[in-house]
Amino acid sequence: MRLWLVGGCVTFGGFVKAELEDYSLVGAGKARAHDRGLVNAEWFLADVEPARMRELQERTNRRATIDTALWIGLTILAGWWLAATAWSWWSIPAMLCYGALYGGASDSRWHEMGHGTAFRSRRANEIIYHLASFQLFRGPTVWRWSHYRHHTDTIITGRDAEIVFQRPPSVWRTIFAFTHLQQENVLDHRYNTRTVYMNPLFRFLYSNMNYHVEHHMFPSVPYHALPDLHAEVKDQLAPAVPTTAAAYRVIFSTLARQHVDPTYEIELDVPEVESRRRRIDVGESNWVQHANGGIDLAAASSMDVGELRRIDIEDRTFVLGKLGEDEFILCDGLCTHANIHLADGALIDGEIECPKHNGRFDCKTGEPTRRPVTQPVAVYPVTIDGGRVVGHVNRKATS
Ligand code: FES
């Protein structure tokens with residue numbers, strides 16, 4: 001059967017089947033995404049106990065240092081092997097190894113360092129991010145912002161510049177984008193992203209990005225904790241694809257179907273569970289005015305060090321954080337980049353990290369300290385009185 005594209009529609013022998021999506025960021029697809037309510041929208045989140053999530057979000061330099069040293073060392077070794085075997089048959093496996101390490105593995109390093117989660121050290125993340133960008137011929141700034149958008153509007157046509165499988169799809173691009181050939185224009189990563197079980201070698205090369213549903217739901221969890229995160233949430237996701245080969249079988253059969261019918265979508269067995277977002281609405285309606293003029297927010301002992309708690313007072317939202325045994329901070333609760341609740345983020349080295357794009361704010365001043373955040377949040381004074389945390393939400397803190 002012949003397939004034609006006419007005026008954005010797919011036709012089978014003259015019969016109009018369906019309108020194709022417009023993938024341009026400045027075309028009709030952009031307006032359509034807005035009209036459908038798919039822009040900057042609220043996404044499904046799996047449920048993870050807050051204390052467990054704090055453990056998973058912890059940053060360390062150790063693991064990324066070992067992995068990075070190994071990656072660079074193996075790349076140099078493979079390069080030496082390639083040079084030493086030039087023009088012999090041995091140069092073929094040498095070239096494959098070198099290509100996998102220099103090009104393939106640098107993509108996942110670029111990705112992890114761009115999120116700023118691989119190392120605890122921000123400088124180390126930046127150095128490796130720029131190195132990997134150089135290896136991949138990617139402009140570090142443009143791609144950083146492109147990836148923020150990818151996380152805001154994942155596989156939303158007209159919004160996401162990183163949709164590799166534009167329909168009708170191109171088979172040769174398959175190998176470069178493994179994780180997202182699923183459904184388009186849905187607000188649930190379980191439908192547009194896949195998790196694939198891989199052997200340890202592939203997971204090393206891919207920096208655990210095979211746990212891609214988990215990564216998209218919780219970008220503040222570093223790559224080395226993604227297997228543990230998967231164990232926490234797997235019952236709330238579609239079953240993971242069992243092997244890399246099985247994933248490619250699914251991908252190629254889908255591509256074949258979409259060549260005939262670009263509207264074809266993979267069917268997924270996603271369990272019906274409630275999004276966690278509804279469960280973090282912990283605001284109370286009867287806040288007690290404290291004698292010192294502030295508002296009684298919590299018992300100091302009711303929070304763990306490192307915990308962030310969402311506080312809703314009338315129509316205002318705040319985030320209360322515990323930095324130390326007797327040290328609390330109180331800020332506006334919504335990220336100034338895209339109105340995401342900061343209480344879902346992480347407290348790291350005196351900064352609040354937003355859960356959506358890893359932007360950061362200084363806890364004491366509210367000033368932005370990491371892109372894509374550019375505007376500060378207001379910070380409010382907090383006192384401890386009789387073991388109670390008291391917030392003064394009607395006056396700004398002076399740092
Ligand atoms: S919503 Fe983008 S950094 Fe917060």
Side-chain angles (χ1 to χ4, degrees), residues 25 33-34 37-46 48 50 53-54 56-57 59 110-120 122 125-126 129 140-156 159-162 187-189 192-193 214-223 275-277 280-281 306-312 316-321 329-379:
L25 301 191
H34 275 280
L38 297 172
V39 176
N40 280 335
E42 194 167 315
W43 287 69
F44 174 90
L45 281 181
V48 184
M53 180 51 79
R54 284 199 295 283
L56 294 168
Q57 288 169 327
R59 306 295 156 79
W110 167 86
H111 177 266
E112 289 309 295
M113 308 300 157
H115 278 281
T117 52
F119 289 94
R120 182 171 185 160
R122 292 177 58 177
N125 285 320
E126 282 300 296
Y129 177 74
T141 303
V142 170
W143 274 89
R144 202 192 293 268
W145 286 90
S146 159
H147 202 66
Y148 295 144
R149 173 69 74 83
H150 172 62
H151 270 264
T152 304
D153 298 320
T154 310
I155 319 298
I156 303 294
R159 291 288 298 176
D160 185 354
E162 297 185 10
L187 297 177
D188 189 334
H189 295 109
N192 65 16
T193 306
E214 295 81 352
H215 164 70
H216 264 273
M217 274 187 200
F218 302 107
S220 58
V221 173
Y223 74 97
S275 173
R276 186 191 72 163
R277 198 173 295 267
I280 66 159
D281 291 348
E307 182 176 341
L308 292 170
R309 183 177 289 183
R310 175 174 164 180
I311 303 279
D312 291 344
R316 298 170 70 190
T317 294
F318 303 89
V319 58
L320 177 67
I329 49 114
L330 182 67
C331 312
D332 281 339
L334 295 177
C335 179
T336 52
H337 176 231
N339 284 340
I340 297 295
H341 282 283
L342 292 171
D344 270 350
L347 263 179
I348 297 168
D349 297 333
E351 296 173 330
I352 298 179
E353 184 178 280
C354 175
K356 189 75 176 176
H357 308 107
N358 310 98
R360 289 197 191 180
F361 300 90
D362 184 288
C363 283
K364 301 271 173 62
T365 65
E367 289 298 321
T369 55
R370 187 175 191 277
R371 294 283 193 263
V373 173
T374 57
Q375 300 298 316
V377 285
V379 178

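All ligand and atom numbering here is 1-based and tracks the order in the structure.
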Asker: Assess H357: does it contribute an N, O or S atom lying under 2.8 Å from atom 2 (Fe) of ligand 1?
Answerer: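 Yes - counting backbone and side chain alike, H357 has an N, O or S atom under 2.8 Å.
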Asker: Is the distance between atom 4 (Fe) of ligand 1 and the nearest N/O/S atom of C354 smaller than 2.8 Å?
Answerer: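 Under 2.8 Å: C354 contacts atom 4 (Fe) of ligand 1 through an N, O or S atom.
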Asker: D153 side chain to I156 main-chain N or O, any donor-acceptor pair under 3.5 Å?
Answerer: no
Asker: If the cut-off is 4.0 Å to any non-hydrogen atom of G359, which atoms of ligand 1 fall inside it?
Answerer: 3 (S)
Asker: Would you kindly specify which portion of C335 sits under 4.0 Å from ligand 1, judged on non-hydrogen atoms: side chain, backbone, both or neither?
Answerer: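 The part of C335 near ligand 1 is the side chain, not the backbone.
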Asker: Looking at C331 and V379, what are the two nearest heavy atoms and their distance?
Answerer: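 Shortest heavy-atom separation between C331 and V379 comes out as SG-CG2, 4.1 Å.
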Asker: For H357, is there any backbone N or O sitting under 3.5 Å from a side-chain donor or acceptor partner on Y148?
Answerer: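 No, because the side chain of Y148 does not come within donor-acceptor range (under 3.5 Å) of the backbone of H357.
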Asker: Between V373 and ligand 1, which residue portion shows a heavy-atom distance shorter than 4.0 Å: side chain, backbone, both, or neither?
Answerer: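 It is the side chain that gets close, since no backbone atom is under 4.0 Å.
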Asker: Out of the N/O/S atoms in H337, what is the name of the one closest to atom 2 (Fe) of ligand 1?
Answerer: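 Going by distance to atom 2 (Fe) of ligand 1, the closest N, O or S atom in H337 is ND1.
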Asker: Starting from the C-alpha separation in whole Å, work towards a yes-or-no answer on side chain to side chain donor-acceptor pair (under 3.5 Å) for H189 and H151.
Answerer: CA-CA 10 Å; H189 295 109; H151 270 264; 5.9 Å; no
Asker: Show the numbers, then the answer: is there a side chain to side chain donor-acceptor pair (under 3.5 Å) between E353 and S220?
Answerer: CA-CA 8 Å; E353 184 178 280; S220 58; 4.8 Å; no
